[in-house]
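Working notes, beginning with the structure itself.
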Amino acid sequence: MSVDLDPSLPWLDALTWDADGLIPAIAQDAHSGRVLMLAWMNREALAETVREGFAVYWSRSRQRFWRKGEESGHVQRVRAIRTDCDGDAILLAVEQEGGIACHTGRQSCFFYQTDGAHWQVVDPVLKNPGEIYKK
């Protein structure tokens, strides 16, 4: 049985962080509702996101903060931050600059769809990643 979020606690303390001090963060287009990506945040990244108004994540592979768009220019302006009933996931309603959230040059990182046997690419590349990212 899950434990509901305790809204009487300070907002960061009310969240349920994993053993590594992280929480999954889903970025959703604030206008269309489309899920753009999933990333991770630690306390500092989430607090910085609130302070700046732009999405800041924690890169598990690089072990450092990652400001969405720091290389591509495709920043995420945060319009609302929500959590679920037990406080173990974050939902960011964002305005995605440039319309590209995925490092593959697509609108969303969720561009594969299954046909029951295989995964199929269902969304086009909007811009070649080689033209987006610094070398």
Side-chain angles (χ1 to χ4, degrees):
M1 183 171 161
S2 67
V3 177
D4 286 342
L5 177 101
D6 182 351
S8 69
L9 292 173
W11 72 281
L12 283 171
D13 294 338
L15 297 172
T16 303
W17 305 91
D18 74 8
D20 295 320
L22 301 174
I23 194 167
I26 301 161
Q28 179 182 41
D29 186 281
H31 302 292
S32 72
R34 180 159 188 199
V35 173
L36 301 175
M37 56 179 275
L38 175 117
W40 295 88
M41 292 179 148
N42 60 15
R43 291 174 71 95
E44 294 80 11
L46 183 52
E48 192 72 9
T49 296
V50 169
R51 275 192 297 278
E52 291 184 5
F54 291 91
V56 179
Y57 300 105
W58 177 256
S59 172
R60 295 179 302 166
S61 61
R62 294 175 276 185
Q63 291 292 295
R64 68 170 182 84
F65 291 108
W66 160 48
R67 284 171 167 72
K68 180 64 178 164
E70 66 188 15
E71 293 181 22
S72 67
H74 298 148
V75 298
Q76 292 175 340
R77 183 179 306 275
V78 177
R79 293 302 179 204
I81 300 175
R82 293 180 178 229
T83 191
D84 62 340
C85 56
D86 51 4
D88 66 356
I90 296 294
L91 178 65
L92 303 174
V94 303
E95 290 179 356
Q96 180 65 59
E97 297 288 324
I100 297 173
C102 187
H103 74 281
T104 65
R106 292 178 173 87
Q107 177 187 21
S108 169
C109 293
F110 293 91
F111 59 86
Y112 287 108
Q113 182 173 305
T114 185
D115 62 9
H118 303 284
W119 290 103
Q120 305 292 325
V121 173
V122 295
D123 292 339
V125 171
L126 301 176
K127 191 168 187 180
N128 182 318
E131 298 172 15
I132 298 172
Y133 295 98
K134 300 173 186 173
K135 302 290 182 213

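Sequence positions, counted from 1, serve as the residue numbers for this chain.
For residues 120-130, the side chain to side chain donor-acceptor pair (under 3.5 Å) pairs, not counting sequence neighbours, are R34-D123, D115-Q120.
Taking every heavy atom of both residues into account, D84 and A89 meet most closely at OD1-N, 3.3 Å. Between Q28 and G33, the shortest heavy-atom contact is NE2-O, 2.8 Å. Considering every non-hydrogen atom in both M37 and W66, the closest pair reads CE-CH2, 3.5 Å. Minimum heavy-atom separation, V78 to F54: CG2-C, 3.9 Å. For the residue pair A47 and W11, the shortest heavy atom distance occurs at CA-CH2, 4.2 Å.
Here the side chains of T49 and I81 are in contact, with some heavy-atom distance below 4.5 Å. Using a 4.5 Å heavy-atom cutoff, the side chains of D18 and I23 are not in contact. Side-chain contact between C102 and F111 is present, with heavy atoms from C-beta onward closer than 4.5 Å. Looking at Q63 and W58, their side chains come closer than 4.5 Å, going by heavy atoms from C-beta outward. Put simply, the side chain of I132 reaches to within 4.5 Å of the side chain of I100, judged on heavy atoms. By the 4.5 Å heavy-atom criterion applied to side chains, N42 and F65 are counted as neighbours. Between I90 and I26, every side-chain heavy-atom pair lies at or beyond the 4.5 Å cut-off. Between E95 and R79, the closest side-chain pair of non-hydrogen atoms falls below 4.5 Å.
Note on L46 and L36: same hydrophobic cluster, where clusters join Ile, Leu, Val, Met, Phe, Trp and Tyr whose side-chain heavy atoms are under 4.5 Å apart, directly or indirectly. Cluster annotation: V50 is connected to L92 through the hydrophobic network of ILVMFWY side chains, with a link wherever side-chain heavy atoms come within less than 4.5 Å.
S108 places a side-chain N or O within 3.5 Å of a backbone atom of V35 that can act as its donor or acceptor partner. A donor-acceptor pair under 3.5 Å links the side-chain atoms of W17 to the main chain of L12, judged by distance alone. Under a 3.5 Å cut-off, the side chain of K68 and the backbone N or O of R77 do not form any donor-acceptor pair. When atom types are taken as modelled, the side chain of D6 and the backbone of A14 share no donor-acceptor pair closer than 3.5 angstrom.
Taking CG of L5 as the reference point, atom CG of D86 lies at 8.5 Å (rounded to 0.5 Å). With values rounded to the nearest 0.5 angstrom, Q107 atom CD is found 6.5 Å from D29 atom CG. Atoms CG and CG, from L15 and L9 in turn, are 9.5 Å apart once rounded to the nearest 0.5 Å. Interatomic distance, C109 SG to L38 CG, rounded to the nearest 0.5 Å: 9.0 Å.
Under the side-chain hydrogen bond (donor to acceptor under 3.5 Å, both in side chains) criterion, R67 pairs with E48, E52, sequence neighbours left out. Partners of H103 according to the side-chain hydrogen bond (donor to acceptor under 3.5 Å, both in side chains) rule, which considers only residues two or more places apart in sequence or in another chain, do not exist here.
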>> Q96 vs H74, test: side chain to side chain donor-acceptor pair (under 3.5 Å). Steps then yes/no.
In response: CA-CA 7 Å; Q96 180 65 59; H74 298 148; 5.4 Å; no
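Under the 6.0 Å cut-off for aromatic ring centres, Y57 and W40 do not qualify, their centroids lying 6.0 Å or more apart.
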